[in-house]
Amino acid sequence: MSRIRLAARALRLALNRAHADPTADYDAASSDYDTFFSPVMGGHSTAALAEVPIAPGDRVVELACGTGHLTAEIIRRLGGKGSVRAIDKSPGMLDVARRKVEALTEGRPGLDVRLFVDDMDAFIRSQPDRSADLVVVGWAICYTKPTRLLAEIGRVLRPGGRIMVIETRADAHQALTEGLEKVFADDPSLLTSLIRVSLPKNAAAVAGWFGKAGLTVTGQRDGAQIIPAHTPAAVLEWVQRSGAAAGFKTAVDNGRQQLVLDRVEAALAELLAREGSLDIQHTFVVVTGAKPVAPRARHGARTGEEAGVA
């Protein structure tokens, strides 16, 4: 019965368009992100970036750059020549990224790197056709309508241009998620808005999004990382200070957030007592792809692009 009440509560919130905004959580996590998230998951991001070629002179767009972990890697791989347009919706995260970028671009006139506070969907829509060699989306495609975003990315990529997506899987932090759902099921009034995310089941699901958007998949894989937190309090600290709980601040009744955290911690303590350990996994997917190159026209005819037609 409690889950039916929770479903009814969620339906009412959806009809009223009461949707949580994760920006406040990322702002709050920005000063700790490179202490908690980047050392644990940053290596997976860097490995994913290595799966798409980056050459000096490339034009790169990075959506949801966070604290600039991948932005810095992109700049290093451009070898002193090229452009980067990186955006994030969180001013706090972007402030950290700017400090990294400034240290890497100073005295390197061949690099044109610009960072903006912006929404992913709005920013990609503003970009010209065929204007990017590579688009990177790290840990954020879940906040959009993925197929629609990928179609816009396809428009912005030049023919043969590449894309890399790394994203959390739907089964990540499962014990924590189940504990939170139980808290809300017991008292649905705690939930004041919905966290809207499109977390994929697996890499094949993201590859399907690529196909619907007209992009060719060049690689796909699933991965998992046990987070370094082995007590209920440490787990909660990690998810809050790493940004993994993004949306919590606006999804939960402002005056009862600590109550929710206390109840989730109690549920994790019960799990620890029952199982003897807390191995909370951050599962994720990596999918790379490319914009197909149009076949040459037959009988010697030239395409509009080959003839210089915009």
Visitor: Please answer: with hydrophobic residues joined when any side-chain heavy atoms are less than 4.5 Å apart, are Ile87 and Val96 in the same cluster?
Guide: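 Shared cluster, no.
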Visitor: Looking only at heavy atoms, what is the nearest atom pair of Tyr143 and Pro22, with distance?
Guide: CE2-CG, 3.9 Å
Visitor: How long is the gap from NE2 on His69 to NZ on Lys100, to the nearest 0.5 Å?
Guide: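 With rounding to 0.5 Å, NE2 (His69) is 7.5 Å from NZ (Lys100).
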Visitor: Return the CD to NE2 distance between Gln281 and His173, rounded to the nearest 0.5 Å.
Guide: 9.5 Å
Visitor: Taking Ala140's backbone N and O only, do any of them form a donor-acceptor pair with Glu167's side chain (distance below 3.5 Å, no angle check)?
Guide: yes
Visitor: Restricting to non-hydrogen atoms, name the atom on Thr67 and the atom on Ser30 that form the minimum distance, rounded to 0.1 Å.
Guide: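 Here Thr67 and Ser30 meet closest at CG2-O, 4.1 Å.
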Visitor: Rounded to the nearest 0.5 Å, how far does CE of Met93 lie from OH of Tyr26?
Guide: 6.5 Å
Visitor: Partners of Gln257 by side chain to side chain contact (heavy atoms under 4.5 Å, CB included), sequence neighbours excluded?
Guide: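 With neighbours one apart ignored, the set is Phe248, Lys249, Val252, Asn254.
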Visitor: Are side-chain heavy atoms of Asp27 and Pro91 found at a separation under 4.5 Å?
Guide: yes
Visitor: So that I can tick it off, tell me whether Arg256 and Asp187 are bridged by a salt bridge, with the cut-off set at under 4.0 angstrom between side-chain N and carboxylate O.
Guide: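 A salt bridge is present here (some side-chain N lies under 4.0 Å from a carboxylate O).
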Visitor: In a table with atom names and distances, give each donor-acceptor pair under 3.5 Å that connects a side chain of residues 217-226 to protein atoms at least two apart or in another chain.
Guide:
{"residue": "Thr218", "atom": "OG1", "partner": "Thr288", "partner atom": "O", "Å": "3.2"}
{"residue": "Thr218", "atom": "OG1", "partner": "Thr288", "partner atom": "OG1", "Å": "2.9"}
{"residue": "Thr218", "atom": "OG1", "partner": "Gly289", "partner atom": "N", "Å": "3.4"}
{"residue": "Arg221", "atom": "NE", "partner": "Glu51", "partner atom": "OE2", "Å": "2.8"}
{"residue": "Arg221", "atom": "NH2", "partner": "Glu51", "partner atom": "OE2", "Å": "2.7"}
{"residue": "Asp222", "atom": "OD1", "partner": "Arg169", "partner atom": "NH1", "Å": "3.2"}
{"residue": "Asp222", "atom": "OD1", "partner": "Ala203", "partner atom": "N", "Å": "2.9"}
{"residue": "Gln225", "atom": "OE1", "partner": "His44", "partner atom": "NE2", "Å": "2.9"}

Visitor: Within this structure, what is the CD1-OG distance for the pair Ile74 and Ser83, rounded to the nearest 0.5 Å?
Guide: 11.0 Å
Visitor: How far apart are the closest heavy atoms of Asp25 and Ala245, and which atoms are they?
Guide: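 In this case the closest contact between Asp25 and Ala245 is OD2-O, 3.6 Å.
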Visitor: Could you list the donor-acceptor pairs under 3.5 angstrom formed by side chains in residues 150-163, with sequence neighbours left out?
Guide:
{"residue": "Glu152", "atom": "OE1", "partner": "Arg155", "partner atom": "NE", "Å": "3.0"}
{"residue": "Glu152", "atom": "OE1", "partner": "Arg155", "partner atom": "NH2", "Å": "2.9"}
{"residue": "Arg155", "atom": "NH1", "partner": "Gln127", "partner atom": "O", "Å": "2.8"}
{"residue": "Arg155", "atom": "NH1", "partner": "Asp129", "partner atom": "OD1", "Å": "2.6"}
{"residue": "Arg155", "atom": "NH2", "partner": "Ile124", "partner atom": "O", "Å": "2.9"}
{"residue": "Arg155", "atom": "NH2", "partner": "Arg125", "partner atom": "O", "Å": "3.4"}
{"residue": "Arg155", "atom": "NH2", "partner": "Gln127", "partner atom": "O", "Å": "3.0"}
{"residue": "Arg158", "atom": "NE", "partner": "Asp133", "partner atom": "OD1", "Å": "2.4"}
{"residue": "Arg162", "atom": "NE", "partner": "Pro53", "partner atom": "O", "Å": "3.3"}
{"residue": "Arg162", "atom": "NH1", "partner": "Asp133", "partner atom": "O", "Å": "3.4"}
{"residue": "Arg162", "atom": "NH2", "partner": "Pro53", "partner atom": "O", "Å": "2.5"}
{"residue": "Arg162", "atom": "NH2", "partner": "Asp58", "partner atom": "OD2", "Å": "2.9"}

Visitor: Are the aromatic rings of His282 and Trp139 close, with centres under 6.0 Å apart?
Guide: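 Yes, the ring of His282 comes within the 6.0 Å limit of the ring of Trp139, centre to centre.
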Visitor: Any idea which heavy atoms bring Pro188 and Ala185 closest together, and the distance?
Guide: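 Looking at all heavy atoms of both residues, the shortest contact is CD-O, 3.7 Å.
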Visitor: Test Arg263 against Leu190 for side-chain contact (heavy atoms from CB on, under 4.5 Å), laying out the working first.
Guide: CA-CA 12 Å; Arg263 289 180 178 178; Leu190 292 167; 3.9 Å; yes
Visitor: Please tabulate, one pair per line, all N/O donor-acceptor pairs under 3.5 Å involving side-chain atoms of residues 271-280, not counting sequence neighbours.
Guide:
none

Visitor: Got Phe123 and Val61 here, is their nearest side-chain heavy-atom distance under 4.5 Å?
Guide: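 Yes; the side chains approach each other to less than 4.5 Å.
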Visitor: Any chance you could measure Thr144, atom OG1, to Trp209, atom CH2, to the nearest 0.5 Å?
Guide: 7.5 Å
Visitor: Would you call Cys65 and Leu94 a side-chain contact if the rule is heavy atoms closer than 4.5 Å?
Guide: yes
Visitor: Just verifying a value: how many Å separate Thr177 OG1 and Leu199 CG, rounded to the nearest 0.5 Å?
Guide: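 Those atoms lie 9.0 Å apart.
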Visitor: Just to verify, what does Arg114 make a side-chain hydrogen bond (donor to acceptor under 3.5 Å, both in side chains) with, not counting sequence neighbours?
Guide: Asp112
Visitor: Less than 4.5 Å apart, side chain to side chain, heavy atoms only: is that true for Phe210 and Val165?
Guide: yes
Visitor: Answer with yes or no whether the side chains of Asp171 and Thr283 bring together a donor and an acceptor at under 3.5 Å.
Guide: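 Yes, a side-chain donor-acceptor pair sits under 3.5 Å.
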Visitor: Check for a donor-acceptor pair, side chain of Thr216 on one end and backbone N or O of Lys291 on the other, with a separation under 3.5 Å.
Guide: no
Visitor: Closest heavy-atom contact between Met164 and Leu70?
Guide: CE-CD1, 4.0 Å
Visitor: Quick check: do Leu104 and Val113 have side-chain heavy atoms less than 4.5 Å from each other?
Guide: no
Visitor: Going by an N to O cut-off under 4.0 Å, is there a salt bridge joining Asp186 and Lys182?
Guide: yes
Visitor: Could you tell me whether the side chain of Thr71 reaches within less than 4.5 Å of the side chain of Val60, counting heavy atoms only?
Guide: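 Answer no - side chains too far apart.
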Visitor: Identify the two heavy atoms, one from Pro39 and one from Tyr33, that lie closest to each other, and give their separation to 0.1 Å.
Guide: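 Looking at all heavy atoms of both residues, the shortest contact is CD-O, 4.3 Å.
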Visitor: Checking Lys89 now: which residues fulfil salt bridge (charged side-chain N to carboxylate O under 4.0 Å, His left out) with it, not counting sequence neighbours?
Guide: none
Visitor: Decide if atom CD of Glu106 counts as having more than 12 heavy atoms of other residues, nucleotides or ligands within a radius under 6.0 Å.
Guide: no
Visitor: For the residue pair Glu73 and Thr46, confirm or rule out a side-chain donor-acceptor distance under 3.5 Å.
Guide: no
Visitor: Does a side-chain heavy-atom distance below 4.5 Å link Pro228 with Val40?
Guide: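 Result yes, sub-4.5 Å side-chain heavy-atom pair found.
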